[in-house]
Amino acid sequence: DVKVTQSSRYLVKRTGEKVFLECVQDMDHENMFWYRQDPGLGLRLIYFSYDVKMKEKGDIPEGYSVSREKKERFSLILESASTNQTSMYLCASRLQGAGGTEAFFGQGTRLTVV
Amino acid sequence: AQSVAQPEDQVNVAEGNPLTVKCTYSVSGNPYLFWYVQYPNRGLQFLLKYITGDNLVKGSYGFEAEFNKSQTSFHLKKPSALVSDSALYFCAVTSPDRGSTLGRLYFGRGTQLTVWP
């Protein structure tokens, strides 16, 4: 079975903390994505990566950064967590160059910033 | 620009009745279309996709979707709803034009489906 694994299901962090969300996929996919999900707003793309060390800003990159040092791992970093970053975070991966393939999602990380 | 619209935030249907969850899209070129389902506090699960060929595609759990190019729609359907189908459903689109999208999927805002007994 293909798998995208996010390191935590639930996280509680304090305002101002640096937060790392980790995502690992075992499918050798080139593309990886970080989304944020909030009620009524759907999925909003934060960052994506199409290769090791390559990244592109999505629609809401402010306050976030990413790291992709290895193909299988894509990390989302909240440099200084704020309460408005309380949300559900979803990681996904997808094969590149074959437009018809679906994306595979992790189980999500529900982050609460207090 | 590529985008997806799901015009209904909520759909309510009685168990045993047919259900439809609507999706319209905007994309340059030919679309690749997807439906995903999300259960509470879980990630998204793939249901079905349209790439090319027959306009009616069949997917998991008895769901199907009809691609209509003239109406730029890709509605999700099921002939007989189950209470266990209650979940959040997302439509997504991408384009084979790899240079413009780099493999990105564009999602709608989601439709909450409730099936009551």
Side-chain angles (χ1 to χ4, degrees), chain A residues 1-6 8-10 21 23 25 27 29-51 54-60 74 87-112, chain B residues 1-10 21 23 27-53 57 59-60 65 67 87-112:
Chain A
D1 263 359
V2 296
K3 213 156 192 168
V4 178
T5 303
Q6 295 182 228
S8 304
R9 291 291 307 276
Y10 300 93
L21 303 183
C23 176
Q25 51 98 0
M27 296 165 282
H29 285 171
E30 295 87 356
N31 291 345
M32 295 189 74
F33 308 85
W34 275 107
Y35 290 91
R36 172 179 170 157
Q37 183 180 12
D38 300 288
L41 298 178
L43 273 67
R44 293 182 291 169
L45 184 64
I46 304 171
Y47 268 97
F48 64 104
S49 169
Y50 52 92
D51 203 349
M54 305 302 287
K55 60 186 179 185
E56 290 280 339
K57 292 181 180 179
D59 300 322
I60 51 164
F74 191 36
S87 186
M88 174 73 130
Y89 290 87
L90 294 167
C91 174
S93 74
R94 188 166 180 250
L95 193 63
Q96 191 175 71
T101 59
E102 60 268 30
F104 294 86
F105 281 81
Q107 75 276 30
T109 297
R110 186 164 293 281
L111 172 67
T112 302
Chain B
Q2 302 181 60
S3 64
V4 172
Q6 292 181 242
E8 300 157 318
D9 291 335
Q10 291 198 354
V21 182
C23 171
V27 67
S28 54
N30 292 318
Y32 292 156
L33 293 153
F34 304 82
W35 275 101
Y36 285 83
V37 61
Q38 184 183 34
Y39 297 99
N41 293 312
R42 308 294 292 183
L44 273 66
Q45 296 177 30
F46 169 74
L47 273 181
L48 51 79
K49 64 184 176 184
Y50 171 82
I51 306 304
T52 187
V57 294
S60 307
F67 171 64
L88 187 57
Y89 290 81
F90 289 95
C91 182
V93 69
T94 189
S95 163
D97 181 0
R98 175 169 170 251
S100 69
T101 67
L102 292 176
R104 175 180 171 174
L105 288 178
Y106 293 81
F107 284 88
R109 292 193 172 190
T111 299
Q112 180 67 48

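The structure presented is a predicted model; accordingly, all values stated were derived computationally and were not measured. Just so we're on the same page: letters track the sequence lines, and every chain starts at 1.
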Problem set entry | Pairwise distance OG1(A/Thr112) to OH(A/Tyr10) - rounded to 0.5 angstrom | 10.0 Å
Problem set entry | Euclidean distance, A/Glu102 CD relative to B/Leu105 CG, rounded to 0.5 Å | 9.5 Å
Is any side-chain heavy atom of [X] closer than 4.5 Å to a side-chain heavy atom of [Y]?
X       : Y        : result
B/Phe34 : B/Lys49  : yes
A/Glu56 : B/Arg104 : no
A/Arg36 : A/Arg44  : yes

For this session: Pick one of side chain, backbone, both or neither for A/Gln6, based on which atoms fall under 4.5 Å of a heavy atom in chain B.
Result: neither
Residue part contacting chain A, namely of [X], when any heavy atom lies under 4.5 Å:
X       : value
B/Leu33 : neither
B/Gln6  : neither
B/Tyr36 : side chain

For this session: Identify which of A/Gly40, A/Ala103, A/Gly58 forms the greatest number of heavy-atom pairs closer than 4.5 Å to chain B.
Result: A/Ala103
